[in-house]
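To start, the structure itself, in structure tokens.
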Amino acid sequence: MDYAPWLAYSKKLKGALCIYCVLFPPTKVHGVLGSFIVRPSTRYKDMHEFAKSHVLSQWLKSAITAAKCFVENIPVDIQLISVHQQGNCCINNALLISATCISWHKSATTAAKCFVENIPVDIQLISVHQQEIETNKEIVASIISTVMFCGTHDLPFRGKGNHEGVFEDLIKLKIDAGDHILKEHIEKGGKNATYMSPQIQNEIISLCGDVIRDNITTDVKKAYAYSILADESSDISGKEQLSIG
């Protein structure tokens with residue numbers, strides 16, 4: 001079944017909506033307004049079932065009639081007469097025009113752009129998902145580079161208290177320098193998914209160690225011969241410590 005052109009995806013709400021029902025919602029409601037109208041549909045496994053049900057609903061038929069009247073620019077008095085003859089299917093059109101322009105201007109602009117460009121919903125979903133992946137990559141890359149900077153310069157990660165230390169200061173410095181993606185991640189992202197906890201820092205350090213070891217192993221296997229430098233010294237307790245480089 002073809003769900004174009006009424007079905008669209010909202011990046012802000014992260015769900016599917018009906019363009020017609022959002023722009024021209026019903027005034028007389030028989031039943032409960034749900035997915036596609038007052039809230040986005042996010043149950044993608046049941047998307048086809050919900051969409052087929054919405055196509056057959058009186059809400060969509062009334063909204064399509066109201067949209068057609070609006071596009072054809074029929075005078076309001078003629079619209080009201082026609083609506084009365086059709087069973088009051090778009091009685092709210094005259095009032096809705098002004099309300100839409102004020103409160104739903106941004107949503108209507110986005111929906112109209114998708115409607116005009118006729119972008120398929122599956123392509124919209126893929127595009128939004130890909131954008132989220134790229135954004136998350138930039139966030140993680142920024143945090144990893146901060147960890148690597150502290151490690152390569154022998155800087156302590158944490159201070160005496162919470163949210164103190166070189167690592168936190170470098171993150172703040174990046175934000176002040178204009179890293180808007182990292183700033184939005186810290187301010188609006190989930191507090192349980194900041195990727196800045198001591199556990200994540202240690203995991204990143206461990207992964208960096210794995211990469212360094214793999215690189216050394218690769219270089220050793222390529223070389224005809226190699227040497228190992230070893231140095232031994234005593235710590236404060238008098239115990240011998242051997243370092244290999």
Side-chain angles (χ1 to χ4, degrees), residues 7-19 21-23 34-45 47 100-153 155-211:
L7 189 61
Y9 180 82
S10 171
K11 295 181 182 179
K12 183 177 181 180
L13 301 178
K14 297 183 179 180
L17 293 168
C18 174
I19 295 176
C21 292
V22 171
L23 297 180
S35 299
F36 301 116
I37 303 176
V38 296
R39 66 174 181 271
S41 177
T42 55
R43 295 178 59 183
Y44 299 110
K45 66 177 182 178
M47 180 63 67
T100 302
C101 293
I102 297 174
S103 62
W104 292 348
H105 177 71
K106 293 183 179 180
S107 299
T109 302
T110 304
K113 183 178 180 181
C114 294
F115 173 76
V116 171
E117 295 179 354
N118 196 22
I119 303 175
V121 177
D122 56 346
I123 295 180
Q124 293 185 45
L125 291 173
I126 294 173
S127 177
V128 171
H129 182 63
Q130 188 63 36
Q131 290 177 3
E132 290 181 354
I133 292 176
E134 295 300 326
T135 300
N136 291 334
K137 284 183 178 179
E138 292 186 27
I139 293 171
V140 174
S142 181
I143 295 174
I144 291 176
S145 66
T146 306
V147 172
M148 293 177 62
F149 182 87
C150 291
T152 54
H153 291 79
L155 299 174
F157 281 75
R158 295 182 290 275
K160 296 181 180 179
N162 294 330
H163 305 294
E164 292 182 3
V166 178
F167 179 80
E168 293 277 355
D169 292 341
L170 287 174
I171 292 294
K172 294 177 183 178
L173 181 63
K174 284 189 174 184
I175 294 175
D176 293 339
D179 194 335
H180 301 292
I181 296 178
L182 186 59
K183 179 181 179 181
E184 184 176 357
H185 167 69
I186 294 176
E187 293 180 350
K188 300 181 180 179
K191 300 303 180 184
N192 61 340
T194 59
Y195 306 111
M196 294 171 54
S197 66
Q199 292 79 8
I200 297 297
Q201 295 174 22
N202 292 333
E203 185 175 351
I204 294 174
I205 293 172
S206 177
L207 292 173
C208 290
D210 293 340
V211 172

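Every value quoted in this text rests on a predicted model; they were computed, and no experiment measured them.
- A pairwise comparison of heavy atoms in Gln201 and Met196 identifies NE2-O, 3.0 Å as the closest pair.
- Residues meeting the salt bridge (Lys or Arg N to Asp or Glu O under 4.0 Å) test with Asp210, sequence neighbours left out: Arg213.
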Compile the donor-acceptor pairs under 3.5 Å between side chains in residues 177-189 and protein atoms, sequence neighbours left out, one pair per line.
{"residue": "Asp179", "atom": "OD1", "partner": "Leu182", "partner atom": "N", "Å": "3.1"}
{"residue": "Asp179", "atom": "OD2", "partner": "Ser142", "partner atom": "OG", "Å": "3.4"}
{"residue": "His185", "atom": "NE2", "partner": "Thr194", "partner atom": "O", "Å": "3.1"}

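- Considering only heavy atoms from C-beta on, Phe149 comes within 4.5 Å of Leu155 through its side chain.
- Side chains of Glu203 and Gln199: a donor-acceptor N/O pair is absent below 3.5 angstrom, by distance only.
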(Q) Working note: Thr146 + Phe157, criterion side-chain contact (heavy atoms from CB on, under 4.5 Å); need CA distance, chi angles, decisive distance, verdict. (A) CA-CA 10 Å; Thr146 306; Phe157 281 75; over 6 Å; no
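- Between the Thr135 side chain and the Gln131 main chain, a donor and an acceptor come within less than 3.5 Å of each other.
- Summarising the geometry of Leu170 relative to Cys150, their closest heavy-atom pair is CD1-SG, 3.6 Å, with the distance given to 0.1 Å.
- Under the side chain to side chain contact (heavy atoms under 4.5 Å, CB included) criterion, Val140 pairs with Ile144, not counting sequence neighbours.
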